[in-house]
There are 2 protein chains.
Amino acid sequence: MPELSTIFAALGDPTRFAIVERLIRDGEQPAGELLDAGPVSAPAISRHLKVLRKAGIVTQRVDRQRRIYAVRPEAVQSIGAWTMSHREFWQGSLDRLELALQQESERK
Amino acid sequence: MPELSTIFAALGDPTRFAIVERLIRDGEQPAGELLDAGPVSAPAISRHLKVLRKAGIVTQRVDRQRRIYAVRPEAVQSIGAWTMSHREFWQGSLDRLELALQQESERK
DNA sequence: CAGTTATTTAATGTTTTTGTTAATTAACGA
DNA sequence: TCGTTAATTAACAAAAACATTAAATAACTG
């Protein structure tokens, strides 16, 4: 599995992020169906898919003339694992913020 | 709060990712202390911090001559929220994988 | 086989990103 | 005030990212 920063870099492009969201929401799809994921040409989509594949975010499956792409659950899970590994950091801070806001409202 | 793909793009650079991990692990730090987060010069670090600030990932606080940086918990949390919003997708798939592996081992 | 469909690769140009050194800004301390 | 410390901005160069059109590849279909 590639480095996390490689995964983040791949998702950092708006078109690629849109592709990934569509594949998660609607399930696997051929490259051609992903053309409306951004205002770009077919070759552009093709290369975005290549970046996503290199980052380990999507898989490619061949079906007749079509290449069908799907998101690898492990990729999304690895992002989740990272945020969870820092859970105490952000959760703790947000809890304190929530508490502060609550106390403030009680003073009114 | 900036777009998620902006946050991902910011974390997509290895040096910036290292900076963020250090700030989460060790807490807020002045720019100068972050020099060993990557094999780069002080101006380079300064500009990486600017990118992180624009993406809403870090805050800057002034203390005497120093600029002290810290990670915004909300930024990490927003990534966590995204992965959680797709939890059924990756968790379901991984559960099925786990089950399949388990059944396979039982057949042996 | 010829034509169509689906997708990728090639060639090319533009824009963005990233890094460096040098200069600037600003605050501290003897 | 002068020199030091801390960090940023300026100027510039190199590399990477991203887009397009044209060409290539490959499999289906009449």
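In what follows, every chain begins at residue 1, and chains take the letters A, B, ... in the order their sequences are listed.
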Give every residue pair that meets the side-chain hydrogen bond (donor to acceptor under 3.5 Å, both in side chains) criterion with at least one member in residues 1-16 of chain A, sequence neighbours excluded. A:R16-A:H48
Residues touching DNA chain C, which here means a heavy atom under 4.0 Å, drawn from residues 50-64 of chain B: B:R64
Check each residue of residues 20-30 of chain A for a non-hydrogen atom within less than 4.0 Å of any atom in DNA chain C, then write out the ones that pass by number, or none. A:P30
For [X], enumerate each residue passing the side-chain hydrogen bond (donor to acceptor under 3.5 Å, both in side chains) test, keeping only those at least two apart in sequence or located in another chain.
X	value
B:D36	B:R22
B:R72	none
B:R47	none
B:E28	B:R61

With sequence neighbours excluded, tell me which residues meet side-chain contact (heavy atoms from CB on, under 4.5 Å) with B:S85.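 Partners of B:S85 by the side-chain contact (heavy atoms from CB on, under 4.5 Å) criterion, ordered by chain and then number, come out as B:W82.
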With sequence neighbours excluded, tell me which residues meet side-chain contact (heavy atoms from CB on, under 4.5 Å) with B:A44. B:V40, B:S41
Quick one: how far along DNA chain D does chain A reach, first to last nucleotide 5' to 3', anything under 4.0 Å to a heavy atom? D:dC18 to D:dC28
Starting at the 5' end of DNA chain D, which residue's closest nucleotide do you reach first, B:R67 or A:R16?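 So the residue in question is B:R67.
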What is the distance from atom CZ of B:F17 to atom CG of A:L4, rounded to the nearest 0.5 Å? 4.5 Å
In whole angstroms, the gap separating P of C:dT7 from CD of A:Q65 amounts to 8 Å
Check ring-ring contact (aromatic ring centres under 6.0 Å, His included) between B:W90 and all other residues, then give those that pass, not counting sequence neighbours. none
More than 12 heavy atoms of other residues, nucleotides or ligands under 6.0 Å from CD of B:E88: yes or no?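 Not buried by this count: 12 neighbours or fewer within 6.0 Å.
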A:P43 vs B:G12, nearer the 5' end of DNA chain C by closest nucleotide: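 Closest to the 5' end, via its nearest nucleotide, is A:P43.
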